[in-house]
Structures are given as C-alpha cells and as structure tokens.
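Each chain gets a letter, A, B and so on, in the order its sequence line appears, and its residues count up from 1.
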Amino acid sequence: MCGRFALSALLTDIAEEFSTKALPDRTLPVDWNIKPTQDIYIIKNDEINIASWGLIAPWSKNSHDALRSQSQAINARSESVHEKPTFRSAFRTHRCLVPASGYYEWATELGRYKTKQPVFISRDDNKLLAFAGIYDRWISPQGEIKDSVAIITRDAVGELAKVHNRMPLFLSQDRWSAWMDSSLTDVEHIRALMNALKPDDHLRYWPVKPLVNSIRNNGAELVEPIELGEPETLF
DNA sequence: CCAGACGTTGTT
DNA sequence: GTCTGG
DNA sequence: CCAGACGTTGTT
DNA sequence: GTCTGG
C-alpha cells in the first residue's frame with residue numbers, strides 16, 4: 001500500500017523529468033514524510049498542480065466531512081476503482097501521476113522483516129517514481145476550492161511481496177500520456193493501461209529507522225538504510 | 001419506501 | 001449523487 | 001500510513 | 001478496540 005512517501009526533488013527537476021510546461025503557483029518544501037491530507041504535487045498532462053492527498057468524496061457536504069472522507073480514501077484499488085462510487089467519476093476523467101522519490105511500507109506478518117519494520121522503496125536509477133493517481137475538485141459550501149487525489153494500488157509482486165501484500169501502481173513512461181488523456185473515457189481501455197508488464201521494474205528497497213512512524217519527524221535520515229541484527233529469512 | 005453507506009489496509 | 005439493505 | 005484520542009464541567 | 005487527524 002502507500003500511506004507515506006518522500007519527495008526530495010526540486011520542482012524544476014520534477015518538471016524536467018515529466019516534461020511539464022506549467023508550474024503551480026506555489027512551491028512545496030522538500031519532504032521525507034508526506035502524509036495523508038497534506039498538499040502534494042500532481043502531474044496532469046503538461047502541468048504540475050497541487051492537490052491534497054486523499055480523495056474527497058464528491059458528495060461531502062462540508063469541510064469537516066471532506067477531511068474525514070479523504071482520510072479514508074488515500075488509496076484506490078486498481079481492481080475496483082472503476083466502479084466505486086467515490087472513485088469512478090475521477091477514474092473516467094481525472095487521471096494524473098504523483099511524483100515521489102520513494103515511499104514507505106510497513107512490513108507485515110509473512111514477510112522477510114519483523115512486522116511493522118518500516119521499509120523505504122525507491123528506484124535504482126535515481127529517477128522519480130510515478131504513481132498512478134486520480135484527482136477531483138470539490139467546492140465547499142463557502143466556495144473554497146479543494147483539489148484532492150488518491151493513489152492507485154495493486155497486488156505486490158516479486159521482491160516487494162516479501163515486505164507487504166499491496167503496492168502502489170507505477171506507470172511506465174510509455175503510458176503516461178494515455179493515462180493522463182482526459183479524452184480517453186472508455187473504462188476498459190483505461191483499465192488496460194494499469195496492466196504493467198513489470199510492475200516492480202527498477203525498484204529497490206531497504207529497512208529504515210522507525211523515525212518515519214511519527215509525522216513530526218522529517219529529514220533525509222528517514223530514508224537512510226539501516227542494518228538489522230538478525231534478518232529473518234523465511235524464504 | 002427511507003436510512004445509511006460510500007474506503008483501504010491487514011488480521012482472524 | 002447513487003446504491004444497498006432492511 | 002501511524003499516533004493519539006477516546007470526556008465533561010466550568011472558566012477564561 | 002476503534003476512530004480521527006495529520
């Protein structure tokens with residue numbers, strides 16, 4: 001799954017990597033502990049925008065409902081995103097990418113690490129990760145505009161399955177433009193874009209200190225590899 | 001018909 | 001807003 | 001995702 | 001134990 005991530009690249013680097021022309025009207029600080037409901041960058045076609053992480057249910061009646069609903073919708077399952085009331089409209093017409101330097105996963109019972117051991121996952125080629133996302137715009141009764149976004153997940157594969165049974169859905173560069181093409185509304189066609197040949201291509205991971213657990217902690221030390229005394233090799 | 005959910009994760 | 005369960 | 005609250009009264 | 005907020 002994906003419930004915490006890092007983005008330490010500068011806006012100009014993100015723009016270069018995703019070939020975007022338009023930049024947002026403000027800059028977000030680099031952050032090694034990005035959490036749900038926080039503002040993050042999203043990429044839609046050739047522009048970078050800012051949206052709050054966690055999709056606001058379209059029928060939310062006030063800002064409090066909106067906050068609560070988005071805390072519950074930070075991820076959308078790729079298997080069902082096209083039919084869930086909260087997500088289906090955004091899935092049809094508001095697809096985006098979410099750039100990340102890497103993300104955190106907490107090991108689960110059957111994996112290679114002790115349960116709750118945080119692990120940092122990133123690319124082995126220093127490129128940014130591109131999570132598949134869906135966003136939507138919600139307007140409060142007071143007229144406040146809130147853009148929000150959810151990250152799509154799938155079954156974990158390969159090495160990553162030894163850490164956790166779910167992982168974010170990554171889109172390879174050759175699918176970016178089709179994914180972000182809002183004129184593409186055929187649901188089955190869109191769904192087909194989520195079938196990656198190598199869902200874990202270029203990924204690597206290592207255990208990190210539990211500093212990331214608290215949202216009050218931040219800094220590059222959160223992603224530093226650590227040595228674990230006696231790794232449990234169950235495979 | 002109205003009321004209440006609408007989401008994901010992991011764990012049992 | 002729309003669907004499901006009662 | 002994890003951490004932290006989970007309650008009421010009266011007073012400022 | 002479960003929900004909410006960040």
Phosphate oxygens OP1/OP2 of E:dT4: is one of them under 4.0 Å from a side-chain N or O of A:His64?
-> no

So how far is it from A:Asp200 CG to A:Tyr205 OH, rounded to the nearest 0.5 Å?
-> 10.5 Å

Atom CD1 of A:Ile56 and atom P of B:dC6 are separated, to the nearest Å, by 18 Å

Mind checking the P distance from E:dG6 to B:dG7? Whole angstroms is fine.
-> 23 Å

Consider the side chain of A:Ser80, meaning its heavy atoms from C-beta on, and name the nucleotide among B:dT8, C:dG1, E:dG6 that approaches it most closely.
-> B:dT8

Looking at every strand, decide which applies to A:Ser69 at a 4.0 Å heavy-atom threshold: base, sugar-phosphate, or nothing.
-> nothing

Kindly say whether the aromatic ring centers of A:Phe5 and A:Trp32 come within a distance under 6.0 Å.
-> no

Roughly how far apart, to the nearest Å, are B:dC6 and E:dT4 at atom P?
-> 13 Å

Select base, sugar-phosphate, or nothing to describe what A:Phe87 touches, counting heavy atoms under 4.0 Å on all strands.
-> sugar-phosphate

Is there side-chain contact between A:Ser78 and A:Thr153, with heavy atoms separated by less than 4.5 Å?
-> no

Please find out if less than 6.0 Å separates the ring center of A:Tyr103 from that of A:Phe120.
-> no

With heavy atoms under 4.0 Å as the rule, sort A:Ala150 into base, sugar-phosphate or nothing.
-> nothing

What nucleic acid atoms does A:Leu55 come within less than 4.0 Å of, heavy atoms only: base, sugar-phosphate, or nothing?
-> nothing

Quick one: is B:dT9 close enough that its OP1 or OP2 comes under 4.0 Å of any side-chain N or O from A:Thr153?
-> yes

Tell me whether the OP1 or OP2 atom of B:dC6 has a side-chain N or O from A:Arg88 closer than 4.0 Å.
-> no

Distance, rounded to the nearest Å, where A:Asn218 contributes CG and D:dA3 contributes P = 15 Å

Pairwise P distance for D:dT8 and B:dA3, with rounding to whole Å = 26 Å

So what does A:Ser71 hit on the nucleic acid, given a heavy-atom distance under 4.0 Å: a base, only sugar-phosphate, or nothing?
-> base

Minimum-distance nucleotide to A:Arg68 side chain [options: D:dA3, E:dT4, B:dG7] = E:dT4

Have a look at A:Trp59 and say if it touches a base, only the backbone sugar-phosphate, or nothing, with a 4.0 Å heavy-atom cut-off.
-> base

Send over the distance from A:Arg216 CZ to D:dC1 C1', rounded to a whole Å.
-> 16 Å

Rounded to the nearest angstrom, tell me the gap between atom CG in A:Asn165 and atom P in B:dT9.
-> 8 Å

Scan A:Pro58 against the nucleic acid and name what it touches under 4.0 Å (heavy atoms): base, sugar-phosphate only, or nothing.
-> nothing

Report the distance from atom CZ of A:Phe120 to atom C1' of D:dC1, rounded to the nearest whole Å.
-> 14 Å

Think A:Lys35 has a side-chain N or O under 4.0 angstrom from the OP1 or OP2 of D:dC2?
-> no

Would you mind reporting whether A:Ile43 and A:Ile14 have side-chain heavy atoms less than 4.5 Å apart?
-> yes

Could you give the CD-to-P distance, from A:Glu79 to B:dT8, as a whole number of Å?
-> 9 Å

Quote, to the nearest angstrom, the P distance that separates D:dG4 from B:dT9.
-> 24 Å

Whom does E:dG1 pair with, Watson-Crick or G-U wobble, provided both distances fall under 3.5 Å?
-> D:dC6

Considering only the P atoms, how many Å lie between D:dC2 and B:dT11, rounded to the nearest integer?
-> 10 Å

Counting any heavy atom closer than 4.0 Å, what does A:Thr108 reach on the DNA or RNA strands: base, sugar-phosphate only, or nothing?
-> sugar-phosphate

Shortest side-chain distance from A:Pro85, nucleotide among D:dC2, B:dT9, C:dG1 | C:dG1

Taking atom types as modelled, is there a side-chain donor on A:Trp53 or A:Asp39 under 3.5 Å from an acceptor on the other?
-> no

A:Leu67 side-chain proximity, nearest of D:dC1, B:dT9, E:dG6 | E:dG6

Round to a whole Å and report the spacing from OH of A:Tyr103 to P of B:dT8.
-> 17 Å

Take the protein atom NZ of A:Lys84 and the nucleotide atom P of C:dT2, then report the distance between them rounded to whole Å.
-> 18 Å

Looking only at D:dC1, B:dG7, D:dA3, the nucleotide nearest the A:Pro36 side chain is D:dC1

Testing E:dG5, B:dT8, B:dT9 for proximity to the side chain of A:Arg166, the answer is B:dT9

Report yes or no: does A:Gln117 contribute a side-chain atom to a donor-acceptor pair with the main-chain N or O of A:Val208 at less than 3.5 Å?
-> yes

